[in-house]
Amino acid sequence: MTEEAQRPQRPRRGFGLLGRLGIVAIVLAVGGVGAWFLVGASTPEQGATAQDIPALQVVPADVRPGSDAPKTVSLNKEIPRPSAEPERPSATPRPQAAESGGGDPLTAWANRVAGKSDIPERALWAYGNAELVLRSIQPGCHLSWTTIAGIGRVESNHGRYGGAVLQEDGKPSKPIVGVPLDGSGAVASVGDTDGGAIDGDPNVDRAVGPMQFIPSTWRKWASDANGDGKGDPQQIDDAALTAGRYLCAGGRDMSTGSGWWSGVMSYNNSVEYGQKVYGLANQYARAAR
């Protein structure tokens with residue numbers, strides 16, 4: 001969910017850090033962060049309708065908005081920045097679990113933390129990847145994967161809403177499509193902006209994918225994190241990086257209370273939403289330690 005909705009309510013894992021930053025290098029070379037060589041996702045098949053059920057299961061933290069940012073645990077020490085300028089790989093390998101003593105360090109980290117956090121390893125990889133890419137292209141943002149994970153939990157239970165399962169390609173086993181934003185009940189009224197191309201609804205917009213983007217926001221911020229040449233809101237790597245870029249917009253410093261709350265409430269303008277994400281981010285930080 002993003003500011004337009006305002007509802008009160010892996011590159012793949014075997015890719016490696018050099019490959020991830022290689023994609024960023026190519027992106028920046030063609031005109032900056034706003035030019036992410038993307039095309040729209042294909043029209044989705046209708047899948048589970050994501051309502052507020054994942055969020056209802058989360059207890060808000062007792063914290064005053066703007067007071068401070070959640071505690072974080074950064075990937076800086078576990079996965080250092082490479083010293084050489086990377087090149088974009090020619091192909092995206094099939095994600096694989098890291099082997100002991102080698103393999104992608106992000107995969108090893110995701111495998112270790114998954115069992116402690118109740119976050120699927122595939123989703124963790126995407127959240128960690130988003131932090132690493134943003135550390136490179138927007139270092140002043142200081143966004144931690146824990147905040148992205150908190151949003152992913154509230155929005156879709158990390159891509160597991162409605163019985164979906166994140167597959168190796170980073171897509172849920174059935175598309176996650178939100179309720180019609182038709183102004184009924186507690187939802188906002190958002191007219192159609194994509195002709196149904198992204199959300200499958202030609203009448204009004206719906207939020208889509210694990211991070212629940214509405215089409216107009218997705219078109220503006222879409223990112224290609226897995227190197228397949230397009231941005232797909234149903235694909236967890238693309239969605240997590242897009243969420244991170246959105247949170248970091250306008251030069252926000254997500255390590256400060258004002259910056260963190262501004263970013264999260266731009267995603268969903270609700271104090272309770274921010275308190276839920278705050279509590280989850282702290283929970284995930286503790287689990288990762």
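In this chain, residues are counted from 1 in sequence order. Only a predicted model underlies this, so the values are computations on that prediction, with no experimental measurement involved.
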Participant: Considering non-hydrogen atoms only, spot the tightest contact between Ala164 and Lys174 and give its length.
Facilitator: N-CE, 3.8 Å
Participant: Should Asp232 and Lys171 count as an ion pair when the cut-off is N to O under 4.0 Å?
Facilitator: yes
Participant: Could you pull out all residues at least two apart from Arg160 that satisfy salt bridge (charged side-chain N to carboxylate O under 4.0 Å, His left out)?
Facilitator: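 Once residues adjacent in sequence are excluded, the partners of Arg160 under the salt bridge (charged side-chain N to carboxylate O under 4.0 Å, His left out) criterion are Asp118.
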Participant: For the residue pair Tyr278 and Trp261, does the interplanar ring angle fall in the parallel (under 30°), tilted (30 to 60°) or perpendicular (over 60°) class?
Facilitator: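 If you compare the ring of Tyr278 with that of Trp261, the planes turn out parallel.
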Participant: Does either side chain, that of Gln167 or that of Arg122, offer a donor lying less than 3.5 Å from an acceptor on the other one?
Facilitator: no
Participant: Not counting sequence neighbours, list each pair that qualifies as a disulfide bond (SG atoms under 2.5 Å apart) and has a residue in residues 257-289.
Facilitator: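 Sorted pair list comes back empty.
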Participant: What pairs meet the disulfide bond (SG atoms under 2.5 Å apart) rule with one or both residues in residues 118-180, with sequence neighbours excluded?
Facilitator: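 Of all non-adjacent pairs touching residues 118-180, those that pass disulfide bond (SG atoms under 2.5 Å apart) are Cys141-Cys248.
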Participant: Has the side chain of Asp224 got a donor or acceptor atom that lies under 3.5 Å from a matching backbone atom of Gly229?
Facilitator: yes
Participant: Could you pull out all donor-acceptor pairs under 3.5 Å where a side-chain atom in residues 282-289 meets a protein atom, sequence neighbours excluded?
Facilitator:
from, atom 1, to, atom 2, distance (Å)
Asn282, OD1, Lys71, N, 2.7
Tyr284, OH, His158, NE2, 3.0
Arg289, NH2, Thr72, O, 3.2

Participant: Should the pair Tyr267 and Tyr273 be assigned to parallel (<30°), tilted (30 to 60°) or perpendicular (>60°) ring geometry?
Facilitator: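 Rings of Tyr267 and Tyr273: parallel, under 30°.
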Participant: Just checking, any donor-acceptor pair under 3.5 angstrom between side chains of Ser184 and Asp182?
Facilitator: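 Side chains of Ser184 and Asp182: pair found under 3.5 Å.
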Participant: Do side-chain atoms of Thr217 reach the backbone of Phe213 as a donor and acceptor pair under 3.5 angstrom?
Facilitator: no
Participant: Considering only residues two or more places apart or on different chains, which pairs with a residue in residues 145-222 satisfy disulfide bond (SG atoms under 2.5 Å apart)?
Facilitator: none
Participant: By the disulfide bond (SG atoms under 2.5 Å apart) test, which pairs, at least two apart or in different chains, include something from residues 158-215?
Facilitator: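 Disulfide bond (SG atoms under 2.5 Å apart) check on residues 158-215 returns no pairs.
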Participant: Which heavy atom of Asp253 sits nearest a heavy atom of Ser255, and at what distance?
Facilitator: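 What the structure gives for the nearest pair is OD1-OG, 2.6 Å.
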Participant: Where do Ala110 and Trp125 come nearest, in terms of heavy atoms and distance?
Facilitator: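 Reported closest heavy-atom pair: CB-N, 4.0 Å.
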Participant: Taking all non-hydrogen atoms of both residues into account, name the closest pair between Leu124 and Trp145 and its distance.
Facilitator: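 Nearest heavy atoms, Leu124 then Trp145: CD2-CZ3, 3.6 Å.
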Participant: Between Val204 and Ile214, is there a shared hydrophobic cluster once you connect ILVMFWY residues whose side-chain heavy atoms come closer than 4.5 Å?
Facilitator: no
Participant: Using every non-hydrogen atom in the two residues, find where Gly159 and Ser156 come nearest and quote the distance to one decimal.
Facilitator: N-OG, 2.8 Å
Participant: Minimum heavy-atom separation for Ile236 to Ala123, with atom names?
Facilitator: CG1-CA, 4.3 Å
